[in-house]
Amino acid sequence: MADRPSHDEKTPLWSYSVSNASKDSISSNSSGKRSFFSSFRRRTQALRSPFSKSYAAVDLPAHNDQFSSLPVNEAKVLREQVIVPPAATSYFTLYRYADKKDCFMLGIGVLCAVLEGVLKPLMSILFGRVSETFNNYGPQESLYNTTHAYINGTLYNSTYTYTNDSEYMPHDEMARQDYYGTIRQLSLYLVYLGIADIILSHIKTYIFIDRGEVLSARIREHYLASTLKQNIGYFDTLGSGEITSRITADTILVQEAISEKISFMIANVTTFFVALVIAFTQSYILTLIMLSILVSIILTTGLASAYMVKYLKKAQDGYAVGGTLCEEVIGSVRNVHAFGIQEIMAHAYDNFLKVSEYWGIWAGIATGLMNGSMYLCSFSTDALAYWQGVRLYSEYQATLGNIITIIFTVFQGAYAFAIISPHISSVAAGVAAGSKIFATIDRPSAIDSSDENGIKLDKVDGSIELKNVKFIYPSRPNSTILNNFSLKIPAGKTVALVGSSGSGKSTIVGLIERFYSPIDGEVLLDGHNIRDLNIRWLRQRIALVQQEPTLFACSIYDNIAYGLVGTEFEFSSPTEKRELIIEACKQANAWTFIEKLPEGLDTNVGERGFLMSGGQKQRIAIARAMVSNPKILLLDEATSALDTKSEGIVQEALERASKNRTTIVIAHRLSTIRDADCIVVMRRGQILEMGTHNELLAKQGEYCELVKAQQIETLKEREKEKRDKAHNEVTDVDGIELTEKAIEPSDNLHQSELALSHTQTRATIYRGSDIETGDGAEPSFIEAFKFIYDLSRPEMFYNVIGLIACFFNGMGYPALGLLWGTSLQAFADIFDRNELRIFVSRMAGFLFLNACVLGISNTVTGAAFGYSSSRLVRRIRHMSFRQILRQDIAFFDRDENTVGSLTGTLSRDAQAVEGLGGITLGKIIDAAVTVVGSSVISIAFAWKLGLVVTCGIPVLMGCGFYRFYLLTEFEARVKKENERTSTFACEAISAIRTVAALTRESDVWEAYHSNLDAMVQSNRPASFRSAFFYGLTSGQIFFVMALASWYGGQLLGTGEYNLFQFYLVFLSIIFGAETAGIVFSFAPDVGKAVQAAKNIKTLLELVPDVDTWSEEGKTPQNVQGDIEFVDVHFRYPTRPEVPVLRGLNLSIQKGQYVALVGASGCGKSTTISLIEGFYRLLAGTVLLDGQDITKFNINAYRQQIALVSQEPTLYAGSIKYNVQLGSLGPVSDEQIIDVCKQANIHDFIMSLPDGYDTQCGTKGTLLSGGQKQRIAIARALIRQPKILLLDEATSALDSESEKVVQAALDAAAKGRTTIAVAHRLSTIQNADVIYVFEAGRVCEAGTHQELLAKKGRYYELVQLQALEQNN
């Protein structure tokens, strides 16, 4: 690893790049402002390792009103385009899209939940009757002739060992029959309650699961619809990754809040209140006394919930912003790999995770405190009830039946309230997530494309006028783009806008499309202010082809058909549509390559069109614009990505298409606009001159200078002067031997080699690329659990503390059974009521001690597991993100691994794993300890009854585990559906300008709605089965109680067991069974967590073919820069049937400037990718200095290379930050300034208010294409590479900038090997060697003059691009 130190987890890799950057900071015009980079460095220093325990500066930046310095009217216009007012959200807001059918079904669900909640208090009444029956049939009626060892007022000796001497005395037969009849009857009642509980639980669970999915789907639809109708300025400050995070992770939180968890809460809250009512009927005095504790339960729950919502909202905000960075980085993964900045981006991502983790920990602490206080209060009710109950009993104000019923009912109510705490956490998280979602849904769009209001003209001529327009971008309020700008464009004329980057050309297109609103002035269409026109109608009369064409992940046919949206042909027959599309393809010169594809028009273009070359994408975009025959045609660098031949043909087609329609052309290549009716030359938002091509040349002004900058010398004269010299020159050009090998393909590739190559191609893409399958075997439950355990090792201390606390939690119920059994036995054994009061009061003290222990242990459990789960989630997201960035480019080419899918996976899976952490994990462990402890104690004290009753628990748990299995399978399927829908939404938002221009908002929404509707329908059978087994699990508790009552009654009747033994077993097992049943209410969370753990484990185990983590391979030493392709064959792994390179041979000597030219799709950009080592070859070899590049360590090898791509990629952050990303080590401010001067961007940067601290925006949206490209060039130059790769590096530059940048690139190329892919031949005429590609092979090679002399393919390309004055 040549120049960059090795990286370990404890040392942020970022420090190697920027550690000295603060010593000599670059000054800006606003010295008081700090740059993003400086802020990032400070946060990096605070976070010395990916999992530092330092929590300084963990909050997100506070919002400042950046428009306060502007005049009030201007600030108002800008503010309404970007500000999102907060939405007041309550829990019931989550149901805002419920219709009458939903309300009716939810009403049934609520009714069933309420009835289910009534059953448990009814069970308490039955329990009271059972207890009274047992007591009345006891010693008072001579069932026992008992003498007691009563010492010092207690039934226990000094070691608290219970003693009694009993002699069984038989009852008369009639009393015995009445006793057994009563026991049977009460047991049957419990069975009936169990059956009712099964039915009610099943119905309410299914309804709430189903309606939860339906309503969350509607929320997603409304969120997407609201997002799609927002003005473009809104997206300039908001990343599509944040939107993806909201529509995937946050809507899942909302769904959980309105799904079965709320039904569980309704049932338990009903139990709470019904228990109070029943208690009042038994003894209002005792019930009123106990209300004091119940009020404290409600108050502590409300207070803790408020804090939970606050903290969870902050945690979600932190991750949502990180999601934008994640989407930005994954979307530009080729650039990330080329510059080796995976660790830097992972570290930046981790800083946002740090914010989320910090507030997640506080939310866990709040949850723990709430849970602990609820358990303290709930179990204190027992102590208070026994203490005051025995007083009332001793004073003859209550019977034993009253007291037992009240104690049991109030405890059931308090317990019901206590066990809903994890679900309260889920509801709080849902409300917090909903507040952000509904804020977007409720946001009024400044330019609402869904608004049906506005004028729709009967006839459109196409006359456009801008009158005194002032414009400022909302995201850059300190820079005025247009000021008092006026321009009139007559109908049916072609007007070209030319000028330097940033002069306002693309801004005019944005204003005509109504992407933005001007601060002042008017934009008129046929004399009508476009503010008064219907937006959708307006955009359907305009066709736009942008500089960076956007295609959607569907077929070529569908992409072009989107151009028919809103036209009379939108609903034409498929045959008619296909004819229109084919004709448009022919006009755009796209048909020639489309018909050669195996699937023709039905060929899928891949996500964002990655399966197409730049030229192919642009031609498809042009065809999409032309298919609708629009009245107004806007061409923003429409041919910038086309090769010369295609450009000539497409330009001719565009000129034909421009006839009789208003056309506005933005062009840097002046050869494309020489026939325009009017050419407008602009600079810094002002018009310098106007006229036709010849008129402007005659003026010898700015336009003439631009033309000279692009002029290619007259071909015939150069050809005549150099012909003889070209014939006399040897074939060796600067040491390059132009042999047949360099031109002709190899036909000697054996069939066996090709067969092997096919296998390798498929292996490259299938091995280590599919998150779903990995190596083909999905991890088992045990493997997934062990994997999460291993990941949690750093928090082992907190987990152990949590486990110890869980042990105390779980043993609380067996302890409760012991204390209850002892107390109730005392009522039967102690006849002196004063002595009974003393003894039971002492037991009340022990019950209060038990409550205190449980309060403390539950608080510790929630806080400890909340801390460890928050850190685990951060660790998983960080590791998963690093692992995703580790994968080779073939991984990202797959349809499954789209940007939306991968960002959704990062957001969703890590969050789902939290379902096995925090308070949920605590409850699961509590239940396990309770079940085991209760069973052991029961069998130890009364083995017959204990064994019989314990046998019912495995049946209960079997039903629960089968439901868990169903949910795990269900989650695996839902994951795929969610990935598909989130990918679709992410794609639409990422291409929002194209979607808005095509008025595809309704079309996108309909497709998204169909996907969600299909998902909801397919989920219903699984939801039904899941709900049934939940009901079965819930009803089993009553059956176990019935069995315990019946068999316990038999044993009591025969005198084999006493009341203490019965109550001990009964209460321990019942609480154990009920706790086990409650645990399975968490089955959906656990199912999601297990499936997510499997997904994460599979992802983290992927090893790519081209592994950037590998330490294997040689480090290139003394790199000279010789590159050679030897008989290279290549096919993209996702399209193995399409050969791209077919025996490519070319040789590049050190220090040479080599150009690759040819038609779009001929393999030029593929060659650049292979030099970068993005893919493995099918056959052949790529050599660096005579050594196979596959033998080098990939990171050390790529450090020798710098890449400037056709579509420049910048990241959210300052200009300085983006330039520094290209460096291999620390760089000074002087170096940054120097490379920016070389790239002709320094003067522009210094003209900005914040200078080098100016924010670029997400994906560089705040800068023009030319500005982005020049910053990308500066980023490449600061790397000081041995090999410089320029893939259309100057395609986005205006003529003036291109001339200067090309000179800079020519200077930068000296002393290093430079390989340039170029369509603009003026940029490469000084190249040492020009290779002309055709069909994946070199068909010609030589210098510019030699190739002209041959009059072959290159000659034809130059001739098409020659710029001559029209006479």
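We're numbering straight along the sequence, starting at 1. All values derive from a computational prediction rather than experimental measurement.
- For the pair V1329 and Y1331, the tightest heavy-atom approach, listed with the atom from each and the gap, is CG1-CE1, 3.8 Å.
- Between the OG1 atom of T550 and the CZ atom of R624 there is a distance of 7.0 Å, given to the nearest 0.5 Å.
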What's the verdict on side-chain hydrogen bond (donor to acceptor under 3.5 Å, both in side chains) for D636 and S506, showing C-alpha distance, side-chain angles and the deciding distance? CA-CA 7 Å; D636 189 353; S506 295; 3.0 Å; yes
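- Within a 6.0 Å sphere centred on NZ of K699, heavy atoms belonging to other residues, nucleotides or ligands number more than 12.
- You'll find the side chain of P518 stays beyond 4.5 Å of the side chain of K467, heavy atoms only.
- R683 has a carboxylate O that lies under 4.0 Å from a charged side-chain N of E702, or vice versa, which qualifies the two as a salt bridge.
- The closest side-chain heavy-atom distance from T692 to D677 is not below 4.5 Å.
- The main-chain N or O of E513 is found under 3.5 Å from a side-chain atom of R539 such that the two form a donor-acceptor pair.
- One N or O on the side chain of N1218 and one on the backbone of S1214 form a donor-acceptor pair closer than 3.5 Å.
- The closest donor-acceptor contact from the side chain of Q686 to the backbone of M682 lies at 3.5 Å or more, if one exists at all.
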Begin with the C-alpha distance, continue with both residues' side-chain angles, and end with the deciding distance and a verdict on side-chain contact (heavy atoms from CB on, under 4.5 Å) for I1215 and L1248. CA-CA 11 Å; I1215 293 173; L1248 297 170; 4.1 Å; yes
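- Contact detail for A621 and L551: the closest heavy-atom pair is N-CD2, 4.4 Å.
- L466 CG to F485 CZ: the interatomic distance, rounded to the nearest 0.5 Å, is 6.0 Å.
- A donor-acceptor contact shorter than 3.5 Å links the side chain of E1340 to the backbone of R1353.
- The two residues A996 and F515 have their closest heavy-atom pair at CB-CE2, 3.9 Å.
- Contact of the Q546 side chain with the T994 side chain is registered, since non-hydrogen atoms from C-beta on lie closer than 4.5 Å.
- Nearest heavy-atom pair, A1155 versus A1327, reported as atom, atom and distance to 0.1 Å: CB-CB, 4.0 Å.
- The heavy-atom pair separating I512 from L538 by the smallest distance is O-CD2, 3.9 Å.
- T1343 places a side-chain N or O within donor-acceptor distance of the main-chain N or O of E1346, the cut-off being under 3.5 Å.
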Between L634 and V545, is a side-chain contact (heavy atoms from CB on, under 4.5 Å) present by the stated rule, with each step listed? CA-CA 6 Å; L634 305 179; V545 181; over 6 Å; no
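- Put simply, the side chain of Y1354 reaches to within 4.5 Å of the side chain of H1344, judged on heavy atoms.
- Listed here is the closest heavy atom pair of A625 and A543: O-CB, 3.5 Å.
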Are H693 and I679 close enough, and set up right, to give a side-chain contact (heavy atoms from CB on, under 4.5 Å), and what steps lead you there? CA-CA 7 Å; H693 174 72; I679 298 172; 4.0 Å; yes
Do Y1153 and I1324 pass the side-chain contact (heavy atoms from CB on, under 4.5 Å) test, and can you show the C-alpha distance, the side-chain angles, and the key distance before you say yes or no? CA-CA 9 Å; Y1153 190 115; I1324 51 93; 4.2 Å; yes
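- Between the side chain of E689 and the backbone N or O of Y703 there is at least one donor-acceptor pair closer than 3.5 Å.
- One distance of note links CG of L635 with CG of L544; it measures 8.5 Å at 0.5 Å rounding.
- No donor-acceptor pair closer than 3.5 Å links the side chain of S463 to the backbone N or O of D526.
- Taking the six-membered ring where tryptophan is involved, the planes of Y516 and Y473 are perpendicular, since the angle between them exceeds 60° and thus also 30°.
- In this structure, CD1 in I1241 is found 4.0 Å from CZ in R1270, a value given to the nearest 0.5 Å.
- Side-chain contact between I1232 and K1216 is present, with heavy atoms from C-beta onward closer than 4.5 Å.
- Applying the salt bridge (charged side-chain N to carboxylate O under 4.0 Å, His left out) test to K470 and every residue at least two apart in sequence or in another chain returns E74.
- Side-chain atoms of V1154 and D1328, non-hydrogen and from C-beta on, never get closer than 4.5 Å to each other.
- Within the 4.5 Å cutoff, side-chain heavy atoms of I1315 are placed close to those of I1168.
- Contact check for I666 versus V509: side-chain heavy atoms found under the 4.5 Å cut-off.
- In this structure a side-chain-to-backbone donor-acceptor pair under 3.5 Å is missing from E522 to N468.
- Separating the SG atom in C1236 from the CZ atom in F1244 is a distance of 11.5 Å, to the nearest 0.5 Å.
- One distance of note links CD1 of I489 with CG of L487; it measures 4.5 Å at 0.5 Å rounding.
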